[in-house]
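Just below is one structure, and these are the notes that go with it.
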Amino acid sequence: MSLNTSYQPKEYETSIQEIWQKAGVGKPEKHYQKGQNDGKTTHTILMPPPNLTGPMHAGHSYQHYLMDTLSRYNRQRGKWNLWYPGVDHAGIQLEGVISKLILKGEFDSIIQEKLTGLDFICKEHDKVASIIEFDGETILREDLHTWLKKNHPDLWLELAWSKVNLWRDNQKQQAQVLGDTPDYSRQLFTLDPKAVEMVNLAYIKYWEDNLIYKGAYLVNWSVGLQTALSDVAGEIEYETKVDPFISFYYDLEEINFPGDTVPESTAQILAQTIQETLSTIEVSTVRPETIFGDVAIAVHPKILEKLISEKKFSQQIIDLIESSKLDIYYKIATLNKFKVKLIISGEVDPDFGSGALKITPASDITDYNIWKKYLQNDIPVFPHSIDRSGRLSLSCGDYSGLSVQTARIKIIKDLIENGQVPFTIEPDLENGESELKEFEVLTDQELEKLDYKKQIEYLAQLYPEYKVDWNYSHNVSICERTKTVIEPLISEEFFLSFENKAISTGKNLQQHGLEGVGEVNFYTPDFKDRATNFLENIHDWCISRDVIWGHKMPVWYNLDLNSGKLFFDFNQMESEVEIEGQNHLVANLFKVQVDKPTQPGNWVREEKILDTWFSSSLWPLSTLNYPATQLPVHIDVQEVTTENIQPDSKDCVFVIIHNPQTDQFLIQVNPQDSIHSTKYHLLGRKLKAGENQVAGIFRELEEEAGITSIDPEKLKFVGNYKIIRTQNKNNKELNIELNSQIFYLPNQDYFDSWLDSGNGKQTTKWVERSDLIANLIPAFTDLIESLDGIEKHDLPEIFYTYPTQELTTAKEIFYVWVVRMIVLSKYFTGQIPFESVVITPTVLDETGKKMSKSLGNGLDPVEAISNYSSDSLRLAMMAGMYPNRNMRLGGDIANRAMEKYRNFGNKIWNVARFIELMEEQNPADSEVESKELSDASKWILDKFISLEDSFEKEVLSYELGHIVDDLYNFLWDYFANWYVEYLKTEPSQISFARKLFTQFIKLSHPFLPYETEVLWKEFVGGNDLLVFERYDVNWSRSLQTPSSNNDFENIVSLLQNIRSTRGLFAIDPAGKIKATTTSKKILEYQQFFHLIGKVEIKLSDNSNSAGYLIKIEGHDISLDLLDYIQDPALEIIKTNKQVDNINKQISIIDKTLANPQFIQKAEKEVIEQKNSDLESRKADLGNLNLKLQFLKSNSKV
RNA sequence: GCGCGAUUAGCUCAGUGGUAGAGCACUUCCUUGACGUGGAAGGGGUCAGAAGUUCAACUCUUCUAUCGCGCACCA
């Protein structure tokens, strides 16, 4: 006996983890070397790069366990499995964390060291310095981080990097505790050179495709973070706030009839009407401080109709306004610098407020849209009332510089005092005076000292009669990270267009995305609709941020000529622009490129940083080496001539034909093994008189494949090409130049399908323009495969691992990350980045709340593992693995779940122990290699096969929870509870038991990697690690024999029945019961019955009528219970209950069967089922009645 | 407000158009050999509510309620 009595994970987990890491189990190459796979089928999972900040939480570990389990499973099934790890630089978030650390004084000593002349002045002992002095300048502690960012960005970055490197290590260590096996030899940090290269490449390609532009745009500006936020990234929260909702009048300022199209007399009448009925317009707002930014008043036509009392004029006025023949302007003399225009719009809700809406394009999205629609031509530039610091701008006169809240109070007060605010509709004059409370009247200065709420309360008391709802509650957007207010502002930002057609593909990103989404499988499937819906309504993506941590854009400006740093989109590059009275070619002013510009000039780089998601959306490409910097061979495409094609070469040759009508291409690829036919097809084609290449090919197609639908005369021959290769010439990119367009990206799967469809022979098919190159890829891959001394797997991963298989992700980042990856990968490669998206459950705490750092209700995986084990935590989590559901796993719930699986682990361990023990006790039996399988062994084998079946089925839908249940139930309910007990009576099956159990260890390895690895070594005696073992899916089936008359299931039922009878009669569990049977089969299990049922069976010719009879499927056992019955009266009551219950069931079935509708309409099988149910129910009833009889006849004993 | 998901035993969750399931917890009992991190037998549910479709509804449809998530938002 080498195994301990119980499994102690702590003794093993740490060392196993080290062994795995040392053995490089994450590296697919290792598994390949060991022959676990042949390298042909790949399985790739890209790890969603976690943010650097903070320790690993439950959500991370959940993802990791899932990815690891899937990886292990696929390795076992002989796949070349790559699980690619990485870390995200988390732009804004990390910047926030570093700022906090600076605030706390974490970096004080480094800062002091690096900046000579800087002093920290500490006012109080034991506290961080609150004032910093530098060269006579005084900086407050709270401003230190922004000061550093602004004046010493390099130092700020140095501080950040020092933490980043530390956190990366910590994170890796934590991940290893889980038993993670990603390939750490390949990891990527999103600021690594490889990622930077991809970002630059992407940016330039977008720009060259006319997808990037810079413009005035309404963005969600976080006052706290001083940056634009994404409205889909969860960066914005909504909070209900209470503010005053004030109504006020705009006064008529001007009436114009532009174009003089209205007769003078009519104009006069109309003007008079307007002056009489529209001298003021009432609007309402919670944001009176934005009045300075107003450009218009929008009124619903119905409302205007009502206001103009004379109906004969109202429609005329509306028509004139709408056709721009009448302009009416308003103004509040005390506030507005500019007059605002009256416009009519059905978009205004006529039932809300006064039905008139003030239009402030600089501060509101709907207003902005209305401005764009109606006013952009008239008012190309609109005023901003609020600046980026959240204060009123210079255009606000006396109010400029005030905070929003201060200004709001002041303006409300001024509006009221200037008589711009209407009275409430029915002022309660009678009781008004007496109800007025006494309150202290404050001066303006005193008022200002109060906080915002108090000020409002005061005004509410002071001005009860005005039309102001002082307690109006509404939703306000809040910055998720800093909890400061979000101001919708116009900001100069960079955008990636989803609308512009990309020059290279002829499609816009929205289209690419929609195509991609259509091809991806989503678990659960409803996410396909969500993604589609999202893309259908998508707007351009604001990709720039005003932070310093992240990717800089590869954008340069020539300050000598372009001091204003004007940005140009691709279409403008060839044009000349006039700047400062001079004409310049745009190309001289501005450059998008990776390296520093080489042309003379004072070039400076754009300072804005790319949104973190910009690099994240390129994740599949950057990880898998899309830029392909390390390609060992150079590949080029040449036009084929008689000189450069050689019959014995391994060149791939293809012909391309263009159909201008459909803009499709026909490509015909000839793989290497048919080079002779290639030569024939391309060059030696026997053309008929007057026939060109194209016509020749089509004639052959017609002859060979019966394709007749295309008119060859209309096609254009693009050319014959061959792919040539040379030694690595240090080329940076793999590319094909074809018709002077550069294409990228070979792909493995196309290669496979190509060969499949073409059987290694010539293949011809039509492809869309955008798919042209993707369809040529097989030819490359073929070529690369054939290179001497170069293995496919030495090539950049993207050659053979793309598209990847699963992307596992939490639903929170579905739109912002997953959908974008689909869009952009599709755009770059023509293919989706991953075949399946698996939405993992959200891990909730005990009370059903989402786990979060701020609530502190998270499950700490490291702690959980140290209390239980990694395997337990993994099983507990995977047991809840059903895509897109929630899972409660916190506190006691988590503990209970982990206990369950700790016990499971122990059970497995003890089964192994038992087998070892049996082998020691029965050395002769255990050594016998092949013994005929007994019924019981066949029975357990069948159970195992159905376990395997459901395993394979469930893994396809990622419902791993079922697999965990199935593994648990097989091992415990079947193997341990019955088969192990059986083995005690039949040691001859022990060698089979070992084999089957060994197979179970392998099968369950992805779910209990540590323990199975231990057992593999200590119990199975494997030479190598279990991780490197391939799972033989045919093993179990090869042993299976067509089972007929396997009675073991019945034996189990009989024993269960005996056990419950024991319980029923409250018979001493250890007490032996004598019994007789007429079945010889049962007698074969004499020992088994003795062991499990404590029943001593003898064969008898007649069933013992005095005994208690149990009958199942022709087997009978009569138990002699007379000596054991303790309280027959109680049992009679219980049994009667059962009889009642069965009678109820019988009557239900009877009713159903008596229903003519049922007999008529139900399926035959169902009716048969019902009948057999009825019979078995009746049989049960018979048994129970026998029992009752038996009990009654003995009740007086 | 719109959309999505959930609602099944005390708890955590599976499940299915044709007699309600698991684990934990609970009750009673069992301890000298694989395992007390174990074994046996039990109790416990009008499957959130209502209506509809159906021979038959926990399952399908609609509505309602509650919870959660996502999106948007009203001056």
Side-chain angles (χ1 to χ4, degrees), chain A residues 1 3 5-7 231-232 234 238 245 247 283-287 290 297-298 348-349 352-360 364-367 474-475 477 524 526-527 529-530 533-534 537 811-812 814-815 842 844 846 848-850 876 879-880 882 884-889 892-897 899-918 921 959 961-962 965 968-969 973 976-977 980-981 983-984 1056 1059-1064 1066 1068-1070 1092 1134 1144-1146 1148-1149 1152 1155-1163 1165-1167 1169-1170 1173 1177:
Chain A
M1 280 304 275
L3 302 177
T5 51
S6 63
Y7 174 54
D231 56 354
V232 288
Y238 298 92
F245 181 63
S247 300
V283 294
S284 318
T285 182
V286 283
R287 305 209 55 185
T290 62
I297 301 169
V348 180
D349 180 354
F352 190 90
S354 60
L357 172 61
K358 70 187 204 61
I359 302 300
T360 325
D364 185 279
I365 291 166
T366 45
D367 288 11
H474 63 136
N475 286 337
S477 43
T524 54
D526 55 303
F527 275 84
D529 295 338
R530 293 200 211 178
N533 185 40
F534 171 75
N537 301 310
K811 51 178 158 266
E812 288 86 355
F814 180 71
Y815 296 118
T842 309
L844 307 174
E846 271 178 292
K849 281 192 191 112
K850 216 166 133 181
Y882 295 90
N884 188 28
R885 290 188 203 179
N886 294 342
M887 179 184 191
R888 287 191 190 194
L889 201 68
D892 281 345
I893 291 173
N895 289 338
R896 268 183 270 150
E899 264 162 36
K900 173 180 174 181
Y901 294 109
R902 178 200 59 195
N903 297 351
F904 178 47
N906 193 55
K907 195 71 183 176
I908 295 174
W909 184 263
N910 274 291
V911 167
R913 228 168 84 82
F914 167 77
I915 291 172
E916 276 197 347
L917 186 78
M918 287 294 286
Q921 288 173 350
E959 299 198 345
H962 284 302
D965 276 355
Y968 187 99
N969 292 334
D973 295 347
N977 284 355
V980 159
E981 294 302 321
L983 285 174
K984 291 176 182 170
Q1056 282 174 333
R1059 280 174 168 176
S1060 76
T1061 307
R1062 266 180 188 283
L1064 203 62
D1068 168 20
I1092 304 272
K1134 279 188 181 176
K1144 256 185 210 166
Q1145 293 180 15
I1146 287 176
I1148 290 170
I1149 301 176
T1152 313
N1155 184 347
Q1157 299 267 40
F1158 173 75
I1159 301 298
Q1160 208 179 340
K1161 293 185 178 173
E1163 288 169 33
E1165 292 85 24
V1166 176
I1167 298 173
Q1169 182 65 42
K1170 285 277 175 202
D1173 281 355
R1177 232 25 65 73

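Just so it is clear, the structure is predicted and the values come from calculations on it, not from any experiment. Any value given below was found using the heavy atoms of this structure, including those in side chains, with hydrogens, waters and symmetry copies removed. Chain identifiers are assigned alphabetically (A, B, ...) following the order of the sequence lines, protein sequences preceding nucleic acid strands; residue numbering begins at 1 within each chain.
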| request: State whether Lys984(A) and Glu981(A) are salt-bridged, where the test is any N-O pair (Lys NZ or Arg NE/NH1/NH2 against Asp/Glu carboxylate O) under 4.0 Å. | output: yes

| field | Atom P, compared across G39(B) and A25(B): separation rounded to whole Å | value | 12 Å

| query | With rounding to whole Å, what would you report as the distance between A48(B) and G5(B) at their C1' atoms? | reply | 15 Å

| Does OP1 or OP2 of U12(B) have a side-chain N or O of Arg888(A) closer than 4.0 Å? | yes

| query | Paired with G3(B): which nucleotide, if any, by Watson-Crick or G-U wobble criteria at under 3.5 Å for both distances? | reply | C69(B)

| said: In whole Å, measure the gap between the P atoms of G10(B) and G3(B) for me. | reply: 34 Å

| query | Do the side-chain N or O atoms of His962(A) get closer than 4.0 angstrom to the phosphate oxygens (OP1, OP2) of G15(B)? | reply | yes

| If only side-chain N and O atoms of Lys984(A) are considered, is one of them under 4.0 Å from the OP1 or OP2 phosphate oxygen of A34(B)? | yes

| field | Selection from C69(B), A34(B), C4(B) that lies nearest to any side-chain heavy atom of Val911(A) | value | A34(B)

| task | For G17(B), take OP1 and OP2 only and decide whether either is under 4.0 Å from a side-chain N or O of Lys1161(A). | result | no

| With nearest nucleotides of RNA chain B determined for Lys358(A) and Gln921(A) from heavy-atom distances, which residue corresponds to the more 5′ nucleotide? | Gln921(A)

| query | Can you check whether Arg913(A) has a side-chain N or O nearer than 4.0 Å to OP1 or OP2 of C35(B)? | reply | yes

| remark: Separation of C13(B) atom P from Met887(A) atom CE, nearest Å, is 7 Å

| field | Nearest-Å distance for atom pair CG/C1', residues Asn886(A) and G70(B) | value | 12 Å

| field | Donor-acceptor contact below 3.5 Å, side chain Tyr882(A) vs main chain Met887(A) | value | no

| field | Asn884(A) to Asp526(A) - nearest heavy-atom pair and separation | value | ND2-OD2, 4.0 Å

| Is the shortest side-chain N/O distance from Asn969(A) to OP1 or OP2 of A22(B) below 4.0 Å? | no

| Set of side chain to side chain contact (heavy atoms under 4.5 Å, CB included) partners for Glu899(A), sequence neighbours left out | Tyr868(A), Arg902(A)

| field | Watson-Crick or G-U wobble partner of C11(B), both distances under 3.5 Å | value | G23(B)

| field | Span that lies between the P atom of U46(B) and that of C11(B), in whole angstrom | value | 13 Å

| task | Considering only atom P, compute the distance from A65(B) to A50(B) and round it to an integer number of Å. | result | 15 Å

| field | Spacing of Asn884(A) atom CG relative to C13(B) atom C1', expressed in whole Å | value | 16 Å

| task | Under a 3.5 Å limit for both distances, which nucleotide forms a Watson-Crick or G-U wobble pair with U32(B), could you say? | result | none

| On a plain distance test, is the side chain of Lys907(A) in donor-acceptor contact with the base of C35(B) below 3.5 Å? | yes

| request: With RNA chain B as reference, determine whether Tyr7(A) or Leu889(A) sits nearer its 5' end, using the nearest nucleotide of each. | output: Leu889(A)

| message | With a 3.5 Å limit on both atom pairs, tell me what G52(B) is paired to, counting Watson-Crick and G-U wobble, or say none. | response | C60(B)

| Should Asn1155(A) be listed as having a side-chain N or O under 4.0 Å from OP1 or OP2 of A56(B)? | no

| task | Could you measure between the two P atoms, the one in U32(B) and the one in U7(B), and give it in whole Å? | result | 46 Å

| request: Record whether the side chain of Glu959(A) comes under 3.5 Å of the base of A14(B) through a donor-acceptor pair of N or O atoms. | output: no

| field | Rounded C1' spacing from C71(B) to A14(B) in Å | value | 31 Å

| Rounded P spacing from A22(B) to G1(B) in Å | 41 Å

